[in-house]
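A short worksheet on the structure shown next.
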Amino acid sequence: MASTSAEIIAFLLTISGWVLVSSTLPTDYWKVSTIDGTVITTATFWANLWKTCVTDSTGVSNCKDFPSMLALDGYIQACRGLMISAVCLGFFGAIFGLVGMKCTKVGGSDQTKAKIACLAGLIFILSGLCSMTSCSLYANRITSEFFDPSFVAQKYELGAALFIGWAGASLCIIGGSIFCFSIAENTNSPRRGFAYNGAASMMSSRTKVHNSVPDKTPPKYFDKNAYV
């Protein structure tokens with residue numbers, strides 16, 4: 001029962017993490033920068049993996065898509081590939097996790113379902129690592145440019161999408177680890193032993209029944225002349 005509850009908790013954690021990772025991919029604010037005026041903010045610059053935009057004080061945004069994938073910086077291409085891989089791995093991990101849970105009726109025996117659940121855990125861990133690597137790589141580029149005194153272009157700060165991606169990756173890794181421990185719990189669980197008692201013979205059964213029935217014949221009384 002404890003293993004089933006742990007698998008349900010792990011499934012909820014991994015699904016929540018996968019949803020957060022999937023929502024990070026199209027999120028706008030991967031990096032953000034503002035230019036403040038004397039009274040109000042005059043412009044906000046932000047970018048993600050697909051475009052770069054600027055929003056003025058009136059709320060109007062002007063965006064420019066990246067012209068060519070081959071002309072992009074290497075870190076953006078790497079982040080795109082890692083995030084897409086994380087989303088795809090999370091999808092297959094959810095299917096394997098649903099099949100490998102003990103509360104479902106598909107997947108075969110308990111040992112087979114435990115192996116499938118362990119495989120789902122490994123897939124979710126790999127998905128979380130891909131998302132974690134992508135967000136960390138993007139954040140490292142932002143911080144290195146921000147603290148570089150020789151960098152004269154527009155400097156950005158960490159956007160909300162990076163924190164969402166880190167949170168989703170952490171949930172996937174934690175839930176995947178719980179899935180992996182389910183195979184160890186299934187292996188260490190003691191097996192019940194059944195002792196085989198041979199069928200009693202017909203004669204012994206009749207003897208037991210005959211012996212178990214009390215003798216209801218009345219006692220015999222003899223005259224004292226019988227002892228002479």
Side-chain angles (χ1 to χ4, degrees), residues 7-34 41 43-55 59-98 119-147 151 153-180:
E7 288 180 351
I8 294 175
I9 294 174
F11 186 75
L12 294 177
L13 288 176
T14 51
I15 291 299
S16 301
W18 177 60
V19 170
L20 290 177
V21 171
S22 301
S23 63
T24 303
L25 190 60
T27 303
D28 293 332
Y29 295 98
W30 277 66
K31 60 181 181 180
V32 61
S33 178
T34 58
T41 301
T44 301
F45 296 88
W46 51 271
N48 57 11
L49 299 178
W50 315 101
K51 59 186 176 180
T52 178
C53 301
V54 57
T55 304
V60 179
S61 298
N62 295 319
C63 296
K64 178 182 179 183
D65 295 334
F66 295 134
S68 174
M69 186 180 67
L70 299 178
L72 290 175
D73 294 333
Y75 78 99
I76 296 181
Q77 296 182 12
C79 291
R80 280 184 179 182
L82 289 171
M83 291 301 298
I84 294 173
S85 300
V87 173
C88 295
L89 288 172
F91 174 76
F92 290 108
I95 295 176
F96 284 115
L98 198 61
L119 177 61
L122 293 176
I123 293 175
F124 273 118
I125 291 175
L126 186 59
S127 175
L129 290 176
C130 288
S131 177
M132 186 77 70
T133 305
S134 176
C135 295
S136 300
L137 181 62
Y138 201 91
N140 180 61
R141 182 60 179 262
I142 295 174
T143 54
S144 61
E145 292 178 352
F146 187 85
F147 293 106
F151 187 76
Q154 181 70 34
K155 293 185 178 182
Y156 292 88
E157 297 181 0
L158 303 180
L162 297 177
F163 298 98
I164 297 174
W166 281 325
S170 301
L171 291 178
C172 287
I173 293 173
I174 294 172
S177 301
I178 298 175
F179 266 129
C180 290

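Hydrogens, waters and symmetry mates play no part in the numbers below; they use all other heavy atoms, side chains included.
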Whether [X] side chain and [Y] backbone form a donor-acceptor pair below 3.5 Å:
X: S16; Y: L12; result: yes
X: S136; Y: T133; result: no
X: S23; Y: L20; result: yes
X: K31; Y: A47; result: no

Looking at side-chain heavy atoms only, is the closest gap between [X] and [Y] below 4.5 Å?
X: K51; Y: D28; result: yes
X: M132; Y: W166; result: yes
X: C130; Y: L89; result: yes
X: V21; Y: M83; result: yes
X: L126; Y: L122; result: no
X: N48; Y: T27; result: no

Any chance you could measure [X], atom [atom1], to [Y], atom [atom2], to the nearest 0.5 Å?
X: L72; Y: W50; atom1: CG; atom2: CH2; value: 9.5 Å
X: F45; Y: T55; atom1: CZ; atom2: OG1; value: 9.5 Å
X: T52; Y: D65; atom1: OG1; atom2: CG; value: 10.0 Å
X: I173; Y: T14; atom1: CD1; atom2: OG1; value: 12.5 Å
X: Y156; Y: I142; atom1: OH; atom2: CD1; value: 9.5 Å
X: L137; Y: R141; atom1: CG; atom2: CZ; value: 9.0 Å

I'd like to know whether [atom1] of [X] has more than 12 heavy-atom contacts from other residues, nucleotides or ligands below 6.0 angstrom.
X: E157; atom1: CD; answer: no
X: F96; atom1: CZ; answer: no
X: F151; atom1: CZ; answer: yes

In terms of side-chain heavy atoms, does W18 have a donor or acceptor partner in S127 at a distance below 3.5 Å?
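Looking only at side-chain atoms, S127 and W18 do not form any donor-acceptor pair under 3.5 Å.
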Between C79 and C135, is the SG-SG gap less than 2.5 Å?
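Disulfide absent: SG-SG distance not under 2.5 Å.
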Considering non-hydrogen atoms only, spot the tightest contact between [X] and [Y] and give its length.
X: G128; Y: A169; result: O-CB, 3.2 Å
X: V32; Y: G159; result: CG1-CA, 4.5 Å
X: G17; Y: C172; result: C-SG, 3.6 Å
X: L13; Y: G175; result: CB-CA, 4.2 Å
X: A94; Y: I15; result: CB-CD1, 3.6 Å
X: T143; Y: N140; result: OG1-O, 3.0 Å

Would you confirm whether the ring centroid of Y138 sits within less than 6.0 angstrom of the ring centroid of Y75?
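That pair passes the under 6.0 Å test.
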Step by step, work out the side-chain contact (heavy atoms from CB on, under 4.5 Å) result for C63 and W46.
CA-CA 9 Å; C63 296; W46 51 271; 4.1 Å; yes
